[in-house]
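Some notes on the structure that comes next.
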Amino acid sequence: MPVLYSLQFMMKMTIFPSVLMIAIFLMTLLGGNQPKNWVGNPGSVRCSQNPPPCEKTSDALLILDILLFSFLQDLLWIKFIAGPGDASAMLNPLVFRYAIGGLGSVITYSMMVGLVLCVLIGLNATKIITEKRLEFYREAQSNANTTAYYVAATVTTTIEQGFSAFVGSVLAYLILNPSASFVVYLWNFFMLSWLSVSWALLLSIIVPPKSVSTVVSFFMAFFGLLFCGQTQPGHFKALYSNPTLAVFAGIVSPLRFFVEGIGVSEARCLPQQSGYTVADEAFNYPEYEQSYPYAFDRTFMARTDAGTAIVQSCSGWFWWVPASLVVGITIRIAGAVAIHLSDRPKQGKKTIRTEIVDDFNKCRSGEKSIFQSFILIGILGFLVFSGFFALSCWLILRENPEEFSRFVMAATE
């Protein structure tokens, strides 16, 4: 029998990581970014069908080729140009076609793999609450510490799912072979599991056991996709122009920071002057900032930290990490409050109303110290939650104080 139980435990611990690895492997292999997605690179080499010979394309021929190609393919008529801004707005989508197309495939991949990851991790994280609900009720009726149980469940699940996310990040990085460093994918995958576990624990406490799987799957997929930054009403352009929507998306959507984190990190690795990154000596950049893809249409990412995002580097972009970390803590605090308030009769405890009335009478008569009262603990819990919620809102909305200061200084010198 011990051998049988050991085998069952080993199978239980290996099935989920195996499913997760298979899902990430297939998503990366079939939907991952490929070299063919980065077409039309202005710095590329023109070759004939049978190499060699090959020759470097001159800038004049390159622009002529691009304009001619667009004219013949899209019947694009040259419009009247009123100034340098119009010329820049017309030429940038053509010159930066390779960067825009390649980054679009990166964002699409991050949406696909992030959705699969958050749903699988969320469903697996609920088991520590749903499968041990009867044991929890029994321990709670024996006056066991409910908070200690919740903390232990949170730590255990975070470690388990964090390890699965780590394995997934390694697999995705090895197959995808991206431009950004491995730390980018490690942090993004882990923080995605951090947010997914936070919501999974809270929902598994407040939702009836029979409906937990349905609700968690719907929550992760619906809010994850709707407010990931690429679909309406939660597109990046709307998120950065509406603070209320930005806070809502940053809290309820597990994919909100995942998609932007990977997208901006890969965009920063592009060559300078490719539509996403600029050099320090780009003294005209502030004047034509609105013609860059960051400001218009295609991405609109990292608008509160653009001063960092536009600097060429393959080390990644981590502005979002503090916000994601604090949001996860806030949701877990809400779960700690919910586990004390839900199913109290099954825990062998009084209802909230009866508990408050009895607690007030005992404190008033001197039978119980005010420092041991249920009311004081509730007030402290509310204050802690409010503090972390306010900190989450500030971190989501905060702006980089540098912004474009170094480019403005360079332009005025």
Can you check whether Val321's main-chain N or O pairs, donor with acceptor, with Ser324's side chain at less than 3.5 Å?
no
Should the pair Arg256 and Tyr240 be classed as cation-pi, given the thresholds of under 6.0 Å to the six-membered ring centre and 45° from the axis?
yes
Looking at every heavy atom in both Gly234 and Phe227, which two are closest together, and how far apart are they?
CA-CD2, 3.8 Å
Students often mix this up, so state it plainly: with edges at 30° and 60°, are the rings of Phe222 and Phe218 parallel, tilted or perpendicular?
parallel
Please answer whether the main-chain N or O of Ala238 pairs with a side-chain N or O of Ser241 as donor and acceptor at a distance below 3.5 Å.
yes
If we ignore hydrogens and angles and just use 3.5 Å, is the side chain of Trp199 paired with the main-chain N or O of Ile251 as donor and acceptor?
yes
For Phe223, ring pair (Phe, Tyr, Trp, His ring centres under 6.0 Å) partners two or more places apart:
Phe219
Can you sort out the partners of Trp317 under side-chain hydrogen bond (donor to acceptor under 3.5 Å, both in side chains), two or more places apart, ordered by chain and number?
Asp305
What distance do Ser142 atom OG and Gln347 atom CD have between them, rounded to the nearest 0.5 Å?
12.0 Å
Please confirm whether the backbone N or O of Leu225 pairs with a side-chain atom of Thr231, one donor and one acceptor, at under 3.5 Å?
yes
From CG (Leu202) to CD1 (Ile129), nearest 0.5 Å
10.5 Å
Taking only residues two or more places apart in sequence, or in another chain, which ones meet Ser315 in a side-chain hydrogen bond (donor to acceptor under 3.5 Å, both in side chains)?
Ser313
From Phe190 CZ over to Leu195 CG, what is the distance, rounded to the nearest 0.5 angstrom?
10.0 Å
If I compare all heavy atoms of Ile121 with all of Ser196, which pair ends up nearest, and what's the gap?
CG2-CB, 4.0 Å
Counting only heavy atoms not in Phe182, do more than 12 sit closer than 6.0 Å to its CZ atom?
yes
Check whether any side-chain N or O of Thr126 sits under 3.5 Å from a backbone N or O of Leu123 as a donor-acceptor pair, and report yes or no.
yes
Please report the closest heavy-atom contact between Arg268 and Thr308, naming both atoms and the distance.
NE-O, 3.2 Å
Approximate separation, where rounding is to 0.5 Å, of Trp320 CH2 and Trp187 CH2
7.5 Å
What verdict does the side chain to side chain contact (heavy atoms under 4.5 Å, CB included) test give for Val337 and Phe382, after you've listed the backbone C-alpha separation in whole Å, the side-chain angles of each residue and the deciding distance to 0.1 Å?
CA-CA 9 Å; Val337 174; Phe382 175 77; over 6 Å; no
Please report the closest heavy-atom contact between Val247 and Cys393, naming both atoms and the distance.
CG1-SG, 3.5 Å
Donor-acceptor contact present, side-chain Tyr173 to main-chain Val184, <3.5 Å
no
Would you confirm whether Arg398, through its side chain, and Leu395, through its main-chain N or O, come within 3.5 Å as a donor-acceptor pair?
yes
Which residues share a ring pair (Phe, Tyr, Trp, His ring centres under 6.0 Å) with Phe385, sequence neighbours left out:
none
Would you say CZ of Phe389 has more than 12 non-hydrogen atoms from neighbouring residues, nucleotides or ligands within 6.0 angstrom?
no
So Thr304 and Leu397, side chain to side chain contact (heavy atoms under 4.5 Å, CB included) or not? Walk me through it.
CA-CA 8 Å; Thr304 54; Leu397 299 176; over 6 Å; no
Applying side chain to side chain contact (heavy atoms under 4.5 Å, CB included) to Glu160 and Ile128, what does each step give before you reach the verdict?
CA-CA 11 Å; Glu160 290 178 353; Ile128 198 168; 5.8 Å; no
What are the two closest heavy atoms between Glu131 and Glu135, and how far apart are they?
O-OE1, 3.8 Å
How many angstroms lie between CE in Met220 and CG in Leu255, if you round to the nearest 0.5 Å?
9.5 Å
Do side-chain atoms of Gln161 reach the backbone of Gly122 as a donor and acceptor pair under 3.5 angstrom?
no
Do other residues, nucleotides or ligands put more than 12 heavy atoms under 6.0 Å from the CH2 atom of Trp319?
yes
With Thr147, which residues qualify under side-chain hydrogen bond (donor to acceptor under 3.5 Å, both in side chains), at least two apart?
His340
Taking ring pair (Phe, Tyr, Trp, His ring centres under 6.0 Å) as the definition, give me every residue that meets it alongside Phe166, ordered by chain and number, with sequence neighbours left out.
none
Measure the CG-CG distance between Leu115 and Leu120 for me, rounded to the nearest 0.5 Å.
9.0 Å
Go through the side-chain N and O atoms of Thr354 and Thr351 and say whether any donor and acceptor fall under 3.5 Å apart.
yes
Here the pair of heavy atoms bringing Ser204 nearest to Leu201 is OG-O, 2.8 Å
Tell me if a side-chain donor or acceptor on Ser110 pairs with a main-chain N or O of Ile107 at a distance below 3.5 Å.
yes
Check: Ala302 main-chain N/O paired with Glu260 side-chain donor or acceptor under 3.5 Å:
yes
Side chain to side chain contact (heavy atoms under 4.5 Å, CB included) for Thr157 and Lys127? Distances and angles first, verdict last.
CA-CA 9 Å; Thr157 308; Lys127 295 180 180 179; over 6 Å; no
